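Report on one structure; see the data block that follows.
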Amino acid sequence: MKARDLIFGIATLVVAILYYGVAATIPPSELADPVGPQGLPKTYAVLLAALSLLLIARSVRRPVSNPEPSSPESRIPSPASPLPRVTGMLLIGIAYILVLPWLGYFLSIAALITVTIYFQGGSINVRSILVALSGAALFWLLFIWLLRIQYPAGIWPSVI
Amino acid sequence: MAVGDLIQPLFSTAIVPAAFGGVAWGILGGALPGISPSITMALLLPFTYGMDSTVAVVLLASTYVGAEYGGSIPAILIGTPGTNAAAATVIDGYEMKRQGKAGEALGISLYSGFVGGLFGFLVLVLLTERLSSVALAFTPSSYFSLGMLGLSVIASLAGDSLLKGLIAGVLGLMVATVGTDPVTGLNRFTFGSPELLSGIPPILVMVGLFAVSEMLVQTTAPDWEKATRESARIRFPTPAMWRRIAKPQAIGSLIGAFEGMMPGAGGSISSFLAYNEARRWSRHGEEFGHGSPEGIAAPEAANNTVACTALVPMLSLGIPSSNSAAVLLGGFLMHELVPGPMLFVQHGEVVRGLYAGLLVANIAMLIIGYLIMSPCIWLVSRPKPYLMAFIYALVVSGVYAYQGSLFNVGVALAFGVVGYALRYFAVPFLPMVLGVVLGFMIESNYRRALVLSNGDLSTFVRNPISAALLATALVVLAGSLMRHSKTRAAAR
């Protein structure tokens with residue numbers, strides 16, 4: 001936990017420095033009020049840097065580990081969590097974003113369901129493909145037919 | 001508020017179907033272990049964008065009501081709480097199931113949730129408008145101080161590490177600065193991207209932090225136990241049982257009412273407090289932990305009371321006291337409804353509709369809670385890969401539906417990574433949500449107040465409302481700091 005605090009402190013310190021750097025480039029305005037568009041962003045950056053330094057100092061100085069947070073939403077992923085699985089799930093989402101304009105909604109969402117089932121340990125067989133196609137049909141009915149959301153149609157209408 | 005004001009909205013809009021639909025969705029979401037009420041609500045949030053604003057907020061609030069009950073279903077049937085607030089229900093609920101009394105336990109849970117929900121509803125209706133009427137005299141300096149009071153809640157929400165909670169809060173404030181400057185109109189932190197000109201909508205932050213990050217955590221979590229269909233026929237309490245559980249229900253309702261309004265307390269703390277107090281005041285204290293009906297009644301009444309009373313500070317002052325209230329606040333903001341005093345003046349019909357919807361939702365919970373048991377068992381028993389795939393499809397489709405933007409899907413995924421990282425580093429992320437939600441209000445009113453006072457900072461203490469709010473923020477902060485230092489001293 002101590003090492004994690006140290007890493008987190010360093011990471012947020014870097015964020016604070018980068019954020020301050022970008023905030024400093026915001027041009028002054030003729031309409032500027034006493035604080036100006038740079039004022040609070042710079043203050044936030046300084047505050048974050050100070051808090052990060054405190055966290056770094058605390059994690060370096062204190063020999064005992066921190067107690068884990070009682071906040072219910074802060075369940076910590078196991079240290080042994082295989083990062084590839086998390087990265088894989090994200091890549092599936094990114095792939096969906098990339099293929100949606102080409103494949104259209106129905107095929108993209110069916111592909112997302114199929115690949116996620118496989119990635120989560122299910123097998124690709126007739127059943128899983130049927131489930132994916134049924135799911136895609138359900139989502140299509142909900143979003144496009146019922147809620148009238150304009151999803152990309154894909155290249156198929158122009159091909160047909 | 002007259003009774004007629006509550007009944008009238010039921011006939012004019014789709015409030016009744018929204019309340020029933022929200023409760024059904026909430027029960028299903030709450031019944032899935034790992035999917036908290038806030039995540040269930042966050043998944044629904046993008047769908048509400050195109051809806052009538054009253055119907056949208058009723059749908060979200062009803063989901064909260066349903067999810068609080070839904071969490072008790074797996075707690076009783078498989079010994080795994082569907083929500084954090086249902087953790088106390090596991091102790092006696094699962095024990096009753098092992099004794100072959102699952103139906104009775106489910107009935108007590110449902111009935112107690114109904115009683116708690118109605119009590120919370122009464123507290124909500126009686127207190128909210130009175131509290132908000134104070135804020136009619138608000139000026140920019142008062143609004144700034146109100147924002148600071150909201151931020152002081154971070155100290156209570158920060159869990160065991162105040163420092164990390166504060167860092168998360170500042171990160172949230174930084175996210176809120178992205179987009180067009182509220183006073184000069186200059187672009188800040190947009191990096192030439194037109195999609196960022198209007199800022200990062202809080203809804204994307206919430207879906208990412210709550211839903212996407214939970215999905216990433218579940219990717220590596222073990223599967224949960226499956227429930228059997230025959231174990232789940234609800235049996236409502238007999239008159240003798242009603243009498244027995246009346247006292248723990250009253251204890252749970254009172255604790256839930258108080259804790260629900262307190263920043264950071266939420267359903268889980270009130271459930272355990274109610275369980276503990278019910279045991280202390282019970283004539284059958286020795287049965288607790290061995291399948292006591294009172295051990296189910298008290299926490300279930302408490303967490304369903306919280307589902308209503310958590311809305312008191314959110315509606316009256318715009319301060320969310322829990323994750324679920326924060327998501328509901330996101331729903332309000334998405335419809336350009338700003339909770340606080342003006343909400344009751346400018347959008348009184350929405351508030352009345354919400355009250356009516358919550359009343360219907362509590363009644364709907366009794367009906368749907370009984371009818372939906374079989375679909376719940378079916379859903380909880382699906383193979384995890386299939387469930388994960390459908391949740392993922394729902395997230396990406398819902399986020400796109402919000403503004404028809406693939407960029408938004410990417411932003412939500414990015415905040416999912418941030419949420420996962422925050423969980424990994426044991427940083428509470430509700431402070432970050434608070435920062436995002438309150439950031440714009442704080443900055444714009446701070447600067448407006450200074451423009452009006454010609455840069456005189458004393459305007460924040462000369463205005464009596466502003467001074468009172470700042471003083472309250474200091475008291476909240478000092479109280480939390482004292483609690484933190486006591487906890488640390490005890491840990492040593």
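Computed from a prediction, not measured in an experiment: that's the story for all the values here. Atom set for the values below is all heavy atoms of this structure, side chains included, hydrogens, waters and symmetry mates excluded. Labels below follow one simple rule: chain letters A, B, ... track the order of the sequence lines, proteins then strands, and each chain is numbered from 1.
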Of all heavy-atom pairs linking A/A45 and B/M174, the shortest is CA-CE, 3.7 Å
Please rank A/A11, A/P152, A/S52, A/A132 by heavy-atom pairs under 4.5 Å with chain B and give me the top one. A/P152
Using a 4.5 angstrom heavy-atom cutoff, name the option from A/I109, A/I97, A/I26 with the most pairs to chain B. A/I97
Test item: B/Y392 side-chain N/O and A/I92 main-chain N/O as donor-acceptor pair under 3.5 Å: no
For side chain to side chain contact (heavy atoms under 4.5 Å, CB included), just list the numbers for B/F390 and A/F139, CA-CA rounded to whole Å, side-chain angles, deciding distance to a tenth of an Å, and then say yes or no. CA-CA 10 Å; B/F390 275 78; A/F139 282 114; 3.8 Å; yes
Derivation of the side chain to side chain contact (heavy atoms under 4.5 Å, CB included) call for B/R188 and A/Q38: CA-CA 9 Å; B/R188 301 185 301 183; A/Q38 295 183 346; over 6 Å; no
What part of B/V417 gets within 4.5 angstrom of chain A, counting heavy atoms only: side chain, backbone, both, or neither? side chain
Hey, does the side chain of A/R85 reach the backbone of B/T219 with a donor-acceptor pair shorter than 3.5 angstrom? yes
Checking heavy atoms, do the side chain of B/L209, its backbone, both or neither come under 4.5 Å from chain A? neither
Considering only heavy atoms, which portion of B/L216 lies under 4.5 Å from any heavy atom of chain A: side chain, backbone, both, or neither? both
Take a 6.0 Å sphere around CZ of A/F106 and say whether it holds more than 12 heavy atoms from other residues, nucleotides or ligands. yes
Knowing that exactly one of A/L55, A/I7, A/T12 qualifies, which makes a side-chain contact (heavy atoms from CB on, under 4.5 Å) with B/F425? A/I7
Decide if atom OH of A/Y118 counts as having more than 12 heavy atoms of other residues, nucleotides or ligands within a radius under 6.0 Å. no
Given that the side chain runs from C-beta out, which part of A/V15 has a heavy atom under 4.5 Å from chain B: side chain, backbone, both or neither? side chain
Between B/L422 and A/F8, does a side chain to side chain contact (heavy atoms under 4.5 Å, CB included) hold up when you go through it step by step? CA-CA 9 Å; B/L422 292 180; A/F8 182 67; 4.0 Å; yes
Does A/Q150 offer a backbone N or O that forms a donor-acceptor pair with the side chain of B/Y400 under 3.5 Å? yes
Is the closest side-chain donor-acceptor distance between A/Y19 and B/T177 under 3.5 Å? yes
Under a 4.5 Å heavy-atom cut-off, does chain A meet the side chain of B/Y446, its backbone, both or neither? side chain
Looking at chain A, which one of B/I167, B/D181, B/V170, B/V451 has the largest number of heavy-atom pairs inside 4.5 Å, strictly under? B/I167
Look at the rings of A/F143 and B/F47 and say which category their plane angle falls in: under 30° parallel, 30 to 60° tilted, over 60° perpendicular. tilted
Counting heavy-atom pairs under 4.5 Å with chain A, the top scorer among B/L186, B/N187, B/V409 is B/L186
Heavy-atom pairs under 4.5 Å with chain B are the metric here; pick the option from A/T116, A/V131, A/L51 that has the most. A/L51
Tell me if a side-chain donor or acceptor on A/R4 pairs with a main-chain N or O of B/Y424 at a distance below 3.5 Å. yes
Tell me, do B/R447 and A/P37 make a side-chain contact under 4.5 Å, heavy atoms counted? yes
Max heavy-atom pairs within cutoff under 4.5 Å with chain A, candidates B/N454, B/V396, B/L450, goes to B/V396
Using a 4.5 Å cut-off on heavy atoms from C-beta on, say whether the side chain of A/S128 contacts that of B/Y386. yes
Contact leader toward chain B among A/L100, A/L47, A/T25, A/L138, where contacts are heavy-atom pairs under 4.5 Å: A/L100
We want to know whether B/S397 and A/Y105 form a side-chain donor-acceptor pair, criterion being a heavy-atom distance below 3.5 angstrom. yes
